Amino acid sequence: MRVFKFGGASVKDAAGIKNVYDVLQKAGYEDVLLVVSAMGKTTNALETVIKNYFDKSAELNSSVQEVKKYHNQILMDLFEEEKHEVFTAVNNQFSELEYFLAHNKSPNYNFVYDQIVSYGELISTTILSHFMSFMGIKTQWLDVRNYIKTDATYRDAEVDWELTQKNIAKNVKRKILNITQGFLGSDENNFTTTLGREGSDYTAAIFAYCLNAESVTIWKDVPGVMNADPRYFENASLLNQISYREAIELAFYGATVIHPKTLQPLQKKEIPLFVKSFINPLLPGTRVAKGADLEPYLPCFIVKRNQLLISLSSIDFSFIMEENISEIFALFHQFKIKVNLIQNSAISFSVCVEDKFENFKDLNAILSKKFKVEFDENVTLYTIRHFNDKAAATVEENKTVLLKQVSRETMQVVTKEN
Ligand code: ADP
Ligand code: ASP
Ligand code: MG
């Protein structure tokens, strides 16, 4: 079996969905499981709905209508007549979402977030599977929540591999095009959970692992994994082959083309991952598999924007030692702040972090009681794997360098734009 993943960009409009059909014609669809994300920027739009809901904003209804309108337009473009049953199916999903908003009593933001945001994937896969059937491909729509079981850490759920493996092994039919949702799972009470933003790549890897798949292909709007994000680097080149180890490093440092959790399950079973263009599906793209570390061997650039550089120093000139450091890390973990770089000296300790859940203010209140806290907001973290002098000069050009760290393979620079 092969697992294909189509992300938001590939299904952002009717033309995109028709293109998925073309890709399937070229790549084959027998014995394939499709993992699909929400259409275009739907997840962001649903995040706005959730925010409006908690803010009791007057915009709540209009923000829901916007999501509806967007999907309705896609439906009208794909299916000529409104009599097609997909219109009712999608309409029912929106009614469920509205029912939830009207009746929910839970004040738990993360719980509510997952119950709402999941409609993005539920609706996109409903549309996609109806369209594939309409075009004559025999499909089976799977509710991923019956397969991927997780703990109840809403918005960042941990997979229960044993249960998930059991569910997938017994229920996924072969010889047919299976279509399911990326990003979602469910907890032991069957409430919807999500695996973290951009988590659909990971879903593809979970299925591949449990199905002992032959390969995973993630179809992207770029030719494959490049040595830099082509949106920000003009001269980015395609990487043909990357080892699992190198790919894990690149994803860990923030190459957003692959979700970092995707690689470990694939590496365990040596399942190759292909990253290919949905625009040119016959081109080879990038192969992540056992073999050469990086081919061609080039410096790889990774940019993380909107970082926070925090420096802690002891108030009384005492050393910052293991004990303080472990306490500081426990706090970062508790506040779900991701540490991307660490540097320490005798009396000070600097970290470049990502505050995805906007918890720094609360954390700062605690830290400030024990340390002198200084911070720079909105800084950029550049990572260069396999750096050389020329590559280093490119990222430092016209910027103020706040912190720099060099190891054998990797150079990291925190900068502020001038
Ligand atoms: P999806 O539609 O699957 O969610 P994403 O938008 O998450 O796709 O990922 C594709 C994007 O990743 C590309 O448009 C590109 O801008 C970005 N990207 C970041 N780093 C790289 C890289 N090293 N190589 C290729 N693309 C990259
Ligand atoms: N739709 C989700 C998101 O935008 C998951 C994904 O696309 O991978 O984060
Ligand atoms: Mg994405």
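Keep in mind the model is a prediction, meaning the values are calculated, not measured. In listed order, ligands and their atoms are each counted from 1.
- Residue contact check for ligand 2: G199 places a non-hydrogen atom closer than 4.0 Å to it.
- A heavy-atom distance below 4.5 Å is found between the side chains of V20 and V11.
- Contacts between S37 and ligand 2, counted as non-hydrogen atom pairs separated by less than 4.0 Å, involve the side chain only.
- Residue contacts with ligand 1: N227 is placed with no nitrogen or oxygen under 3.5 Å of a nitrogen or oxygen of the ligand (distance criterion only).
- Salt-bridge formation is detected for the pair E354/K304: a Lys NZ or Arg NE/NH1/NH2 atom is positioned less than 4.0 Å from an Asp or Glu carboxylate oxygen.
- For atom 27 (C) of ligand 1, the nearest non-hydrogen atom of the protein is V257 CB, 3.5 Å.
- Among all non-hydrogen protein atoms, the one lying nearest atom 6 (C) of ligand 2 is S200 OG, 3.3 Å.
- Between E358 and K336 there is no salt bridge, since no side-chain nitrogen of the basic residue lies less than 4.0 Å from a carboxylate oxygen of the acidic one.
- The atoms of ligand 2 that sit less than 4.0 Å from any heavy atom of R197 are 3 (C), 4 (O), 9 (O).
- The nearest protein atom to atom 23 (N) of ligand 1, hydrogens excluded, is given as M226 O, 3.0 Å; this is a heavy-atom distance.
- Regarding atom 20 (N) of ligand 1, its nearest protein heavy-atom neighbour is D229 CB, 3.6 Å.
- When hydrogens are left out, the protein atom nearest atom 25 (C) of ligand 1 is G224 O, 3.4 Å; that is the closest non-hydrogen contact.
- Atoms of ligand 2 lying under 4.0 Å from any heavy atom of F183, numbered from 1 in the order shown and given with element: 2 (C), 5 (C).
- Cation-pi geometry between K220 and F274 is not met: the NZ or CZ atom fails to fall both under 6.0 Å from the ring centre and inside 45° of the normal.
- Taking the six-membered ring where the residue is Trp, the centroids of Y113 and Y154 are separated by 6.0 Å or more.
- F134 and F79 have their aromatic ring centers within a separation under 6.0 angstrom.
- Look at E30 and R174 and you find no salt bridge, because none of the NZ, NE, NH1 or NH2 atoms lies under 4.0 Å from a carboxylate O.
- The shortest separation from a heavy atom of K5 to ligand 1 is under 4.0 Å, placing the residue in contact.
- Ion pairing between K68 and E98 holds under the 4.0 Å rule for side-chain N and carboxylate O.
- Between the side chains of Y70 and E66, no donor N or O sits under 3.5 Å from an acceptor N or O.
- Distances below 4.0 Å separate heavy atoms of R231 from the following atoms of ligand 1: 16 (O), 17 (C).
- With atom 2 (C) of ligand 2 as the reference point, the heavy atom nearest to it among V36, D201, T43, N44 is part of T43.
- Closer than 4.0 Å to atom 6 (O) of ligand 1 lies none of the heavy atoms of the protein.
- Salt-bridge annotation for K149 and E188: absent, with no side-chain N of the basic residue lying under 4.0 Å from a carboxylate O of the acidic one.
- Annotation: atom 8 (O) of ligand 1 to nearest protein heavy atom, K220 NZ, 3.3 Å.
- Protein heavy atom nearest atom 2 (O) of ligand 1, with residue, atom name and distance: A9 N, 3.2 Å.
- Not a single heavy atom of S200 sits less than 4.0 Å from an atom of ligand 1.
- Taking the ring axis of F357 as reference, the NZ or CZ atom of R155 does not stay both within 45° of it and closer than 6.0 Å to the ring centre.
- Which of E121, M39, E198 comes nearest to atom 1 (N) of ligand 2 through a heavy atom is settled by distance: it is E121.
- Applying the 4.0 Å criterion to heavy atoms of G8 picks out, from ligand 1, the atoms 2 (O).
- Looking at atom 11 (C) of ligand 1, its nearest protein heavy atom turns out to be D221 OD1, 4.0 Å.
- Scanning all protein heavy atoms for the shortest distance to atom 4 (O) of ligand 1 gives E198 OE1, 3.6 Å.
- Proximity of P230 to ligand 1 is established by a heavy-atom distance of less than 4.0 Å.
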Can E158 and T150 be said to form a side-chain hydrogen bond (donor to acceptor under 3.5 Å, both in side chains), step by step?
CA-CA 5 Å; E158 278 291 327; T150 69; over 6 Å; no

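- Two rings, from F191 and F111, have their centers less than 6.0 Å apart.
- Ring centroid separation for the pair Y202 and F183 does not come in under the 6.0 Å cut-off.
- The Mg ion (ligand 3) has an N, O or S atom of E198 under 2.8 Å away, backbone or side chain.
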